[in-house]
> 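Once you've had a glance at the structure underneath, I'll fire off some questions.
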Amino acid sequence: MSNEFKRDGSHLAYCPPVEKWDDWVELDPEAWPRRVEKHYSLVPTICFNCESACGLLAYVDKGTGQVAKFEGNPMHPASRGRLCAKGPATINQIHDPDRVLYPMKRSGARGAGKWTRTSWDEVLETFGARIRKAILEGRGEEVMYHVGRPGHDFIMERTLQAWSIDGHNSHTNVCSSSARLGYLLWHYADRPSPDHANARFILLLSAHLESGHYFNPHAQRIIDGKMAGAKLAVMDPRLSNTASMADYWMPTYPGTEAAVLLAMAKVILDEKRFDATFVKNWTNWEELEVDGFRAKGQSFEALIEELKKHYAQFTPQFAEKESGVKAEVIVKTAREIATVGSRFASHLWRGSASGNLGGWQPARALMLLHVLTGSVGTEGGHNLNAWNKFVPKTFRVPPPQKRWNELLYPQEWPLCTHEMSFLLPHFLKEGRGRIEAYFTRVFNPVWTFPDGFSWIEMLRDEEKVGLHAALTPTWSETAWFADYVLPMGFSSERHDLMSQESYAGKWIGFRQPVNRVLRERSGEKFEYTYQANPGEVWEEDEFWINLSWAIDPDGAMGIRQYFESPYKPGQKLTVDEYYGWIFDNSVPGLPETAKKEGLTPLQYMRKYGAFEVTRDVYKQNEKPIAAADLAGSKVEANGVVTKEGKPVGVMVEDKPVVGYKTPSRKLELFSKTMADWKWPEFTLPEYYRSHIHRSAQAASLGQPAEDFDAKYMPVVQWPKEAQGEVYTLLPIFRLPNLIHTRSGNAKFLYEISHKNPLWVNPVDAKKLGGVRTGELMKVHTEIGYFVLHAWVTEGLTPGVVACSHHLGRWRINKEDQVERMSSAWVDLKEVGKGQWKMRQLESVSPYESADPETKRVWWSDAGVHQDITFPVHPDPISGMHCWHQMVRVEKAGPDDRYGDIFVDTNLSFAVYQRWKALARPAPGPGGLRRPLWIPRVMRPEEAAYYMKKP
Ligand code: SF4
């Protein structure tokens, strides 16, 4: 069977054909051996459990009207009918007996866990009045929306820009900012879109086959590529499931990946195996100025000689010494990459980029390999996310906001790709501002961010945070400290548009509230989705539309107009109108395809759930400049084509083409931006030693540390009680079947995974005094400690210990219905100012609920939380939190118990100050806060970019 997606769904013969979706018949397995038929209506929607946005089919039992299960939607071009374990587990989420079903309002002190049910009307009235007042008093930036799990890409920008505030915060700086900076410095797009299926060599600095970014859609295509003969290499200190499938496992010591990649580049340069025509035509090599060499006026050959000189130190032997990967493996893989040339694909997103100080350099070095091999924009190569992600237009778009919010983009980190979100508690502690109305959206920073106790201190302080609503589908450690807990829908209970760069094609997917859609098909009418959802679970689209009306009821503030129907002037916008307009007007090919079936575009999307827009995605840089842009344009001395002072393309081989959206319109081998913004030593891809490098470990112990440079990394200062050997802790690998907070009570998923022990190599187990699997270990960070069991395994490079994401949930009150399948009941105390202790009193056990299966919970472990014991580590350039931790590990003492946590937030504030001191603040050239060409979420108007009027 071919894997190729076909619009008629015939690529997956085992899936129900679309013509049978209205009445799909299966035999009831519970009635076996009797042959009892069950009839289902199948409604497509989109999985909400990771960023991949795979297509789900909800099987609605016609007898009960309830969703009975979720399977894959074969009509979804990216996921092609297949799902990972988390997709079908949506059924656990919607039927979770502990979920929040009604809007709740705090009725005791913040964090005391006392709640009363309230109405949506009261919520809209309260927040509408507070926000209206703040905006009218010129305090709009005191309103903040902080997103954890993204979704509804478009309505939020519309909302905040209609309110004319700079108030969008995100989780991205604990997730992917460093990789983004590395990529965008090369080509403006901040994400790769590798064409794995057509590649002949795939290099992953991630765990894509088990859990990586765009996991299921990418994993399918990596396997497609492998089946067609591609070789797979994986750089990971951990023998992940992905590494176990690889032809080459390259267990790098964390943070040394760029050294290995630059050594590969050196092999390709020295052996003259690079694509000279591509490098010459498509990089800005003529701008290069490094080590006293100026490329301008010199030959291309002179440039190559200079690059060889510059990278001469990166011998395979040097890379082996740094990373532990054998020199001969580095040489062999470099040669294989050179051999496949344009069919070389790779991916880096978290892992090395997110763990390390300077984590953006591995992305920059990895791109150098693509540039040298000419594998950018090619079939089987590296493509740009912007080429493959479809972004539709909407009607009546609000203008950009005039203000700049320094709580989001402070001056210290002018090159950060996203908001400095994880520093918010420290910013408020420093008195940089306050928050009047705070919305956390599927966001649990107390638990998923570093330094969670600083978040608790911020959230419980009503001076700092005036009013906090947690918009969440499930209980969370953060929601516990909110004033309002507002239940939002899971995959089958809400509208959203989704598109991701999952393969060499562009698609759009439509998440929809299944019960509402089905009941409206049979003639019922609903004003709001919460009327058709379980309890009063709502969806954000309608919430923001109604809140905007509550802020500006008569339209006098100019806000309401953006939430009025595009078809019926003055009337409130409905979700059908909102999405109907987009599908009618801005998805090429959709209206025609729908018409062939006698459907409107909205009906088509409700029926199929997804649409493939195009597969014409390669080499978009070579497209000719549009005639309208070309008319009246001029060619600058550097070949950039400009019109009215703005670049529109570049001359390449005497042809005007659109190129890339960088200042040079080419791939920026040389980054003038880095020089202009006070980092001249990093204009080329380089190797930046990480904060957990062995030299930094030695410096932390006061030992001689030859390679340690205090200009680039702070010295770790151990708390007095920290004992034991120094290690690097790898804390950021995912368990394939869990999803941070949202999987909390997904019983199928927790039955599979409910432990996160400390991985220890046998060599280290011996050094630590003969540690055995199951033994209790104490791990000290710079600000506290946590206690957990050891797992002795050879699947990890020595000198490194590891502990996974996703586990260690807790609840403060024993009996509250808060994620009881996954949380331990804990005693949480502030034992001194800023000194926090947590001890598990009781772990997971069977319990009575509306779901009889909760009495059969057999596991008795909630795992151990580690993130809360980590201080913040803002990279001085990308602003990304550098997740890896230098830790001291010892056997636990007689007073330590499994799950114990201690943190001193006074120490965490001091660590923040030490890292902040490494940054090189704005202004940049011309008094700018950040470079104008670098993208920014919810871009304000240009004047706001200047610290002083230009
Ligand atoms: S990879 Fe899994 S969790 Fe992610 S969207 Fe697809 S099915 Fe859902």
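Values reported hereafter were calculated over all heavy atoms of this structure, with side chains retained and with hydrogens, waters and symmetry mates removed. Whatever order the structure lists ligands and atoms in, that order sets their numbers, starting from 1.
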> More than 12 heavy atoms of other residues, nucleotides or ligands under 6.0 Å from CD of E30: is that the case?
no
> Strictly under 2.8 Å of atom 6 (Fe) of ligand 1: which protein N/O/S atoms qualify?
C54 SG
> Just say parallel, tilted or perpendicular for the rings of W859 and H754, cut-offs at 30° and 60°.
parallel
> Would you say the side-chain atoms of W447 pair up with the backbone N or O of G808, donor to acceptor, closer than 3.5 Å?
yes
> So, are D576 and R606 salt-bridged, with charged N and O less than 4.0 Å apart?
yes
> Would you say the side chain of L56 lies within less than 4.5 Å of the side chain of T90, judging by non-hydrogen atoms?
yes
> Using the ring of F390 (Phe, Tyr or Trp, six-membered ring only), decide whether K506 places NZ or CZ under 6.0 Å from its centre and within 45 degrees of its axis.
no
